[in-house]
Amino acid sequence: MAWRKIACSKTELDLGVTLICGQSFRWKETAPGEWTGVLKNLVWNLKQSDDLLFYKTLEESPAASSDLTQEDILKDYFQLHVNLSKLYEQWSSDDPNFKSKASSFRGVRILRQDPVENLFSFICSSNNNISRISGMVERMCEEFGTSLGEYEGLHHYSFPSIESLAKGSVEQKLRKLGFGYRAKYINQSARFIMENHSEHWLHNLRKLPYNEAKSELMKLCGVGAKVADCVCLMSLDKNDVVPVDTHVWQIAQKYLPSLRSSKTITPQVYNAVGNHFRELWGEYAGWAHSVSLHRIVYNF
DNA sequence: TTTGGACCTGGCTCC
DNA sequence: CTCTTCAGGTCCAAT
């Protein structure tokens, strides 16, 4: 199948960084400058030039998303309606630190992910590293997802349904797949959602205000403030949320001397740090956070 | 309300 | 090659 294209400048979207920086764990660079992954139950191939985003899929017509064209799916996933250059200008003008240290890393966007994939992937992220998380998520899809076919020698699977993760045998299977103590969190959270809500409940959290959505998420086992915030930001449309991880915490201490007395991230401290950056960066604070964090984690 | 430990695993550094 | 430490946290028990 031939490549199709969408107009999109590299300053608005840096594919490589955006796909690999630890938001989604399912994209792989299968050739130089070319990424393969699963989105809306389709296998996608993506690449870009300075002003075009190229895409093709394994299947022509998506059964599970027939109401959307493939172009619509990508525009939604990358949130291309958001003018990133304009936001960089705003963050640079409001925050000298962003301007001097982060503003040159162009095209880092927040993906609009599926809440189910987002939640269960990030339950895996606690006290863990990106490389291992990626392997775990891949094995989870292989074990509990459905096959989407083979593409250039690689098999691809859908992200498992909540129902399939709620079954009795899941914890033990995940343990064998190397999930450690997170195996229980995944199974218990899935079971809690199926027993108290429904498969679609997570999607509906998009309609709730931030605080309510977060508080609902934190009722799940293995979901604390940080994971809940990641889900709010990356799949529930709460663009101003800044998840406070160890990196953000380190940075925050430099600029908020009043917080230095705390040895650990207490709920109060967590909120103070999150609020600080939310006020500093504004409506899309979570996006600015991802730009800054990328720079920190990869030590550029 | 706050604090310190334990928790699975595998990649990493340093012997 | 073995050992220690640690990685984008969370839960639990004891203050």
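Letters go in sequence order (proteins before strands), and every chain restarts at 1. Note that the coordinates shown come from a computational prediction; the quantities given were computed from them, not determined experimentally.
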Spacing of A:Asn128 atom CG relative to C:dT10 atom C1', expressed in whole Å: 13 Å
Rounded interatomic separation in angstrom, taking CG from A:Leu119 and C1' from C:dG9: 14 Å
Under 3.5 Å: donor-acceptor pair, side chain of A:Arg109, backbone of A:Thr18: no
Donor-acceptor pair under 3.5 Å, A:Tyr185 side chain vs C:dG9 base: no
Nucleotide range of DNA chain B lying under 4.0 Å from chain A heavy atoms: B:dT2 to B:dT9
A:Val137 to A:Ser121 - nearest heavy-atom pair and separation: CG2-OG, 3.8 Å
A:Gln90 side chain vs A:Trp281 backbone, donor-acceptor pair below 3.5 Å: yes
Most 5' of A:Gly222 and A:Ile133 on DNA chain C, judged by nearest nucleotide: A:Ile133
Sub-6.0 Å ring centroid separation between A:Tyr157 and A:Phe144: no
A:Gln250 CD - C:dC6 C1' separation (whole Å): 13 Å
Gap between atoms CG and P, on A:Asn127 and C:dT5 respectively (whole Å): 15 Å
Value in whole Å for how far the P atom of C:dA7 lies from CZ of A:Phe25: 16 Å
C:dG8 to B:dT13 separation - P atoms, rounded to the nearest Å: 14 Å
Rounded distance in Å - CD1 (A:Ile186) to P (C:dT10): 14 Å
Same-atom distance (P) from B:dC14 to C:dA7, integer angstrom: 15 Å
Bracket notation of DNA chain B in which parentheses pair within the strand, [ ] cross earlier pairs, and | pairs with another strand (Watson-Crick or G-U, under 3.5 Å): .||||||.||.....
Sugar-phosphate, base or nothing in reach of A:Ala225, heavy atoms under 4.0 Å: sugar-phosphate
P-based separation of C:dA13 from B:dC8 [nearest Å]: 15 Å
Rounded distance in Å between the P positions of B:dG5 and C:dT5: 14 Å
Donor-acceptor pair present, A:Lys226 side chain and C:dG9 base, under 3.5 Å: no
Pairwise P distance, C:dC1 and B:dT9 [rounded to whole Å]: 22 Å
Salt-bridge criterion met for A:Glu138 and A:Lys28 (N-O under 4.0 Å): yes
Integer-rounded Å distance: C:dG9 P and A:Arg132 CZ: 13 Å
Non-hydrogen atoms of A:Val242 and A:Arg278 that approach each other most closely: CG2-N, 4.4 Å
Touch class at under 4.0 angstrom, heavy-atom based, for A:Arg175 against every strand present: sugar-phosphate
Lys/Arg-Asp/Glu bridge criterion (N-O < 4.0 Å) met for A:Lys75, A:Glu71: yes
Among A:Phe105, A:Tyr284, A:Trp287, A:Phe98, the one residue meeting ring-ring contact (aromatic ring centres under 6.0 Å, His included) with A:Tyr88: A:Phe98
Rounded interatomic separation in angstrom, taking CZ from A:Phe120 and P from C:dG9: 20 Å
Test: A:Arg106 and A:Asp14 ion pair at under 4.0 Å: no
Sugar-phosphate only, base, or nothing, as touched by A:Leu177 at under 4.0 Å among non-hydrogen atoms: nothing
Greater than 12 external heavy atoms within 6.0 Å of A:Glu142's CD: yes
Residue whose closest nucleotide on DNA chain C lies nearer the 5' end, A:Cys221 versus A:Ser125: A:Ser125
Touch class at under 4.0 angstrom, heavy-atom based, for A:Val244 against every strand present: nothing
Donor-acceptor under 3.5 Å (A:Gln70 side chain, A:Thr57 main chain): no
